[in-house]
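Here's the structure we're looking at; comments come further down.
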Amino acid sequence: MPSSVDVRPITITLPDGSTRTFEAGVTGYEVAADIAKGLARAALAVKVNGEVWDLDRPITDDAEVAILTWDDKEGKQTFWHSAAHLMAEALEELYPDVKFGIGPPIDRGFYYDVDLGDRSLSQEDLAAIENKMKELAKRDVPYQRQPVPKDEAVAYFEEKSDEYKLELLEGLEDGEITFYEQGNFVDLCRGPHIQSTGAIKYPKLLNVAGAYWRGDENRPQLTRIYGIAFPKKKKLDQFLERLELARQRDHRKLGKELGLFTFSQKVGPGLPMWLPKGTRLRETLSDFLKEEQLARGYEPVVTPHIGRLELYRTSGHYPYYRDSQFPPMVFSEEDGDEDGYLLRPMNCPHHTQIYANEHHSYRDLPVRIAEFGTVYRFEQSGELGGLTRVRGFTQDDAHIFCTPEQVKAEFKDVIDLTLKVLSALDFKEFTAQISLRDPENTGKYVGEDTLWAQAEQAIREAAEEMNLSATEETGEAAFYGPKLDFMVEDALGREWQLGTIQVDYNLPERFDLTYVDANDERQRPVMIHRAPFGSLERFIGVLIEHCGGDFPTWLAPEQVRVLPVGADFNPYARSVRDTLRNAGFRATVDTGDDTVGYKIREAETQKIPYMLVVGSREKEAGTVAVRQHGEGQQDVRAVEAFIEQLHTRIASELQRENE
RNA sequence: GCCGACGUAGCUCAGUGGUAGAGCAGCUCUCUCGUAAAGAGCAGGUCAGCGGUUCAAAUCCGCUCGUCGGCUCCA
């Protein structure tokens, strides 16, 4: 259908601010080709006035235009979205009765939720689908956008009896519906897509999983197939290499290899046990934080791991969160009354009782009660995984009781502490998120409006004054108060939530906590929950992956291993070890009757930061031959000089002045 | 909890219905060693558990437990 003879010129503004003139109806591809042939080849989609479009969609008016390539997130996502459609076509060829849910691109690839009836997919099936995709891609057919009236769209999917697409259509307005067609496959889709299937040369299907339709566990469970695709083999290879690297760094694998922690089916799922080396690591970490906290006015306390049900009824944790608690221990008293205890899911109720133990004057505040408190939560079985999701874990918990005016200063101090911790562990990439309440729905929150406003402002200012750039998420606050969370990326770019600082107006109210102000009136303190690590278990899990098991020297469970070259030098090696131990280092000696090469290999695979080889030369001179993990042989130096080297190393790791 | 995959020696893994295997680790002996694996021998298993099919089950089927990948939830 010939459009009206429209040759009016339009002005295209490019990202660098330059402008070019084209005839109305020019496509993104033509714009790219006008700039450079290479760009046209690399182009995957085009951004027109902030909206991502197909490259062949006509641009009819003046517009700001950016050509999207593989280097743009949106370019990649367009590519992956198209790959999802290609996979859907392959599925339909292999399984003609398949029905489709949604198939979006994600951060790393794409997935498609499909209903395969009673069929389940094996690895071989995935390979077959992948091969079919490659075969289809070779035809190199275009992705074609087609606006369709709603009734036609409905008729099409009724014909296919695809109830999922029909449900999606229900939510759409007539006039805004588009189909995309490539080869024999037609899908309901907003788009955009790349130009042609031929670019999807290297698809890789990764895994299958169950996923509830529309994320609702009461609705049918579909089969979700995850995949990724690349235009070049090299990019696919790099991706697979990174996956392999991630597997190498998996904290479950390293935890086993380095002898840090273990699980036992007899003890129970999700209940980690710390082996001697893991315990040294863990205690070094918690000692570091304890020392910092003492310097900041925290008061360590110790409280029991269980409490009466009444405590948790008052706090509101029971029975409200019953599903994620270990079942309570209930028994009958002699007089027939029922009483019971709960394995604690949180430390804060106990800490309120420490606060309530004595009267508090405004002069005492803030009161900072700290405990490495072990808590137990009955996480769903399917949720458990390594150290990052467990049923028994220790929080580096503290509760600060203060006046509303003190909230800001306390936040600043906790932010400072958290940043110090992160820097000592070499976490350079992290994000902070402030979670605020939903102003549209204030009814679901406890605490007065003015207090919320004050606290939210205090958190914002505290972050600003500490030069912490934080994102703000409205509606993400807990019902009891706003919060600030730290999200840390591990070396492979996966994000984990670790540290948290939360304001709480609820518990002081429920436990009727008070202090007396300057006018001799009883006031309600604000409670702040905070944990820089979050849980030691999760933190260490992430830390292991972050450093790939190569812990900083100050943290390494075994810092130095002395390796005598032969049995004759065992006594000297032991004396070196003892000297190091007396200097406060974690040192061992390998007196086995193996060759030096073997001992070195052992120590290297155990990722011990320093190996000291000693033989006759060293024994005579009172020296050690230093070898550093991953660095190979260093120099030979006197034992005292080596100790000095260790001190310097550790001081620089902790970014403290050498004392 | 739900969907799917997996579970063989301490670890990593072979083993498709017919006598349970390898390498490493362990133990013993020999070697006494100079910067990433010395040599030989020995020992090690209710093939996760329970039940079923079969003349015969690590192998096929069912249930349970656990692990992994997701979904859902996370005070």
Side-chain angles (χ1 to χ4, degrees), chain A residues 106 111 113 115-116 118-126 206-226 247 250 252-253 256-257 259 262-270 312 315-325 344-349 375 377-386 389 391 478-481 483 497 500 502 504 506-507 529 534-535 563-570 591-606 611-619 625-634 636:
Chain A
I106 51 179
Y111 66 79
D113 284 347
D115 182 344
L116 291 162
D118 294 331
R119 200 181 287 110
S120 62
L121 297 175
S122 65
Q123 282 302 313
E124 292 77 57
D125 294 329
L126 281 190
L206 299 168
N207 49 30
V208 291
Y212 297 107
W213 172 234
R214 310 213 116 173
D216 182 343
E217 61 183 308
N218 298 313
R219 315 225 30 200
Q221 193 161 38
L222 306 180
T223 302
R224 176 170 296 179
I225 307 171
Y226 284 91
R247 271 193 275 274
D250 189 316
R252 291 167 296 206
K253 176 176 148 70
K256 198 180 275 183
E257 288 172 0
T262 190
F263 291 87
S264 157
Q265 213 180 115
K266 289 201 171 76
V267 172
Y312 299 101
S315 72
H317 294 118
Y318 185 89
Y320 190 63
Y321 291 106
R322 193 177 42 204
D323 286 350
S324 52
Q325 292 162 358
R344 71 172 168 198
M346 302 206 82
N347 303 307
C348 32
V375 297
R377 297 181 188 178
F378 197 74
E379 302 289 356
Q380 296 187 49
S381 58
E383 262 310 322
L384 301 174
R389 208 53 183 277
R391 284 180 172 165
F479 75 91
Y480 52 84
K483 61 177 179 171
Q497 201 231 287
T500 182
Q502 310 186 356
D504 186 348
N506 182 44
L507 286 184
H529 310 252
S535 101
L563 312 176
V565 300
D568 290 349
F569 313 106
N570 286 349
T591 53
D593 55 1
D594 301 296
T595 61
V596 181
Y598 185 86
K599 291 178 183 179
I600 285 170
R601 185 184 155 80
E602 275 292 282
E604 288 283 358
T605 53
Q606 287 294 301
M611 290 146 275
L612 304 180
V613 178
V614 297
S616 62
R617 298 195 289 272
E618 289 75 19
K619 185 183 168 190
V626 181
R627 183 190 170 97
Q628 214 173 322
H629 170 58
E631 307 283 331
Q633 199 168 350
Q634 307 289 301
V636 178

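Lettering of chains follows the sequences in order, A, B, ..., and the numbering in each one begins at 1.
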Sugar-phosphate, base or nothing in reach of A/Glu618, heavy atoms under 4.0 Å: base
RNA chain B: 5'-proximal contact among A/Gly566 and A/Gly597 (nearest heavy atom): A/Gly566
Distance (rounded to the nearest 0.5 Å) between A/Glu257 CD and A/Gln606 CD: 8.5 Å
Protein-nucleotide distance (A/Glu604, atom CD; B/U35, atom P), rounded to Å: 13 Å
Atom-pair distance (CD on A/Glu631; C1' on B/U35), nearest Å: 14 Å
For A/Gln634, all residues meeting side-chain hydrogen bond (donor to acceptor under 3.5 Å, both in side chains), sequence neighbours excluded: none
Would you tabulate the pairs of protein nitrogen or oxygen atoms and nucleotide nitrogen or oxygen atoms of nucleotides 24-27 of chain B closer than 3.5 angstrom?
{"residue": "B/A25", "atom": "OP1", "partner": "A/Tyr598", "partner atom": "OH", "Å": "2.7"}

Sugar-phosphate only, base, or nothing, as touched by A/Ala603 at under 4.0 Å among non-hydrogen atoms: nothing
Length of the CG-P vector between A/Asp594 and B/U30, whole Å: 15 Å
Sugar-phosphate, base or nothing in reach of A/Val208, heavy atoms under 4.0 Å: base
Side-chain donor/acceptor of A/Lys619 to backbone N/O of A/Val614, under 3.5 Å: no
Atom pair CZ/CG of A/Phe479 and A/Asn506 - distance to nearest 0.5 Å: 4.5 Å
Distance in Å, A/Glu604 CD paired with A/Lys599 NZ, rounded so as to fall on 0.5 Å steps: 15.0 Å
Pairwise C1' distance for B/U30 and B/C11, with rounding to whole Å: 27 Å
Side chains of A/Leu507 and A/Cys348 in contact at under 4.5 Å (non-hydrogen atoms): yes
Distance, nearest 0.5 Å, that separates CG of A/Leu563 from OG1 of A/Thr591: 11.0 Å
Integer-rounded Å distance: B/G34 P and A/Lys619 NZ: 17 Å
Complement of B/G17, any strand, by Watson-Crick or G-U distances under 3.5 angstrom: none
Span that lies between the P atom of B/U16 and that of B/C24, in whole angstrom: 24 Å
Check: A/Ile106 and A/Tyr226 side chains under 4.5 Å, non-hydrogen atoms: yes
Sugar-phosphate only, base, or nothing, as touched by A/Ser315 at under 4.0 Å among non-hydrogen atoms: nothing
Residues that A/Asp113 engages under salt bridge (Lys or Arg N to Asp or Glu O under 4.0 Å), provided they are two or more places apart: A/Arg224
Sugar-phosphate, base or nothing in reach of A/Tyr226, heavy atoms under 4.0 Å: sugar-phosphate
Base-pairing mate for B/G66 - Watson-Crick or G-U, with both contacts under 3.5 Å: B/C6
Under 3.5 Å: donor-acceptor pair, side chain of A/Arg377, backbone of A/Pro345: yes
Partner nucleotide of B/G34 by Watson-Crick or wobble geometry (both distances under 3.5 Å): none
B/G1 to B/U64 separation - C1' atoms, rounded to the nearest Å: 16 Å
Rounded distance (nearest 0.5 Å) linking atom CD1 of A/Ile225 with atom CG of A/Leu206: 11.5 Å
Any strand: nucleotide that pairs with B/A58 via Watson-Crick or wobble, under 3.5 Å: none
Gap in Å between the two C1' atoms, one belonging to B/G7 and one to B/C47, rounded: 10 Å
Pairing nucleotide - B/G1, Watson-Crick or G-U, each distance under 3.5 Å: B/C71
Protein-nucleotide distance (A/Leu563, atom CG; B/U35, atom C1'), rounded to Å: 9 Å
B/G15 and B/U32, which share atom name P, separated by this distance in whole Å: 42 Å
Between B/A37 and B/C60 - P atom distance, rounded Å: 41 Å
Base B/C71 paired with A/Gln221 side chain (donor-acceptor, <3.5 Å): no
Rounded distance (Å) that lies between atom P of B/C3 and atom CG of A/Leu116: 16 Å
Between the protein and nucleotides 73-75 of chain B, are there any N/O to N/O pairs under 3.5 Å, and if so, what are the atom names and distances?
{"residue": "B/C74", "atom": "O2", "partner": "A/Arg389", "partner atom": "NH2", "Å": "2.4"}
{"residue": "B/A75", "atom": "O4'", "partner": "A/Tyr321", "partner atom": "OH", "Å": "2.9"}
{"residue": "B/A75", "atom": "O3'", "partner": "A/Tyr480", "partner atom": "OH", "Å": "2.1"}
{"residue": "B/A75", "atom": "N6", "partner": "A/Ser324", "partner atom": "O", "Å": "3.4"}
{"residue": "B/A75", "atom": "N6", "partner": "A/Ser324", "partner atom": "OG", "Å": "3.2"}

A/Arg219 atom CZ, neighbour heavy-atom count above 12 within 6.0 Å: yes
Results of salt bridge (Lys or Arg N to Asp or Glu O under 4.0 Å) for A/Arg214 - residues two or more places apart only: A/Glu167
Whole-Å distance separating the CG atom of A/Asp216 from the P atom of B/C2: 16 Å
Between B/A48 and B/C42 - C1' atom distance, rounded Å: 28 Å
Between P of B/C33 and CD1 of A/Ile600, the distance in whole Å: 15 Å
Test item: A/Gln325 side-chain N/O and A/His317 main-chain N/O as donor-acceptor pair under 3.5 Å: yes
Gap separating the CE atom of A/Met346 from the NE2 atom of A/His529, nearest 0.5 angstrom: 6.5 Å
Please list, for nucleotides 63-68 of chain B, all pairs of protein and nucleotide N/O atoms separated by less than 3.5 Å.
{"residue": "B/C65", "atom": "O2'", "partner": "A/Gln265", "partner atom": "OE1", "Å": "2.9"}
{"residue": "B/C68", "atom": "OP1", "partner": "A/Arg252", "partner atom": "NH1", "Å": "3.4"}
{"residue": "B/C68", "atom": "OP1", "partner": "A/Gly386", "partner atom": "N", "Å": "3.2"}
{"residue": "B/C68", "atom": "O3'", "partner": "A/Arg252", "partner atom": "NH1", "Å": "3.3"}

Sugar-phosphate, base or nothing in reach of A/Arg627, heavy atoms under 4.0 Å: base
Residue A/Asp593, side-chain heavy atoms: nucleotide from B/C71, B/U30, B/C2 that is nearest: B/U30
Touch class at under 4.0 angstrom, heavy-atom based, for A/Lys599 against every strand present: nothing
Partner nucleotide of B/U28 by Watson-Crick or wobble geometry (both distances under 3.5 Å): B/A40
Sugar-phosphate, base or nothing in reach of A/Asn207, heavy atoms under 4.0 Å: sugar-phosphate
Whole-Å C1' distance, B/G45 and B/C63: 24 Å
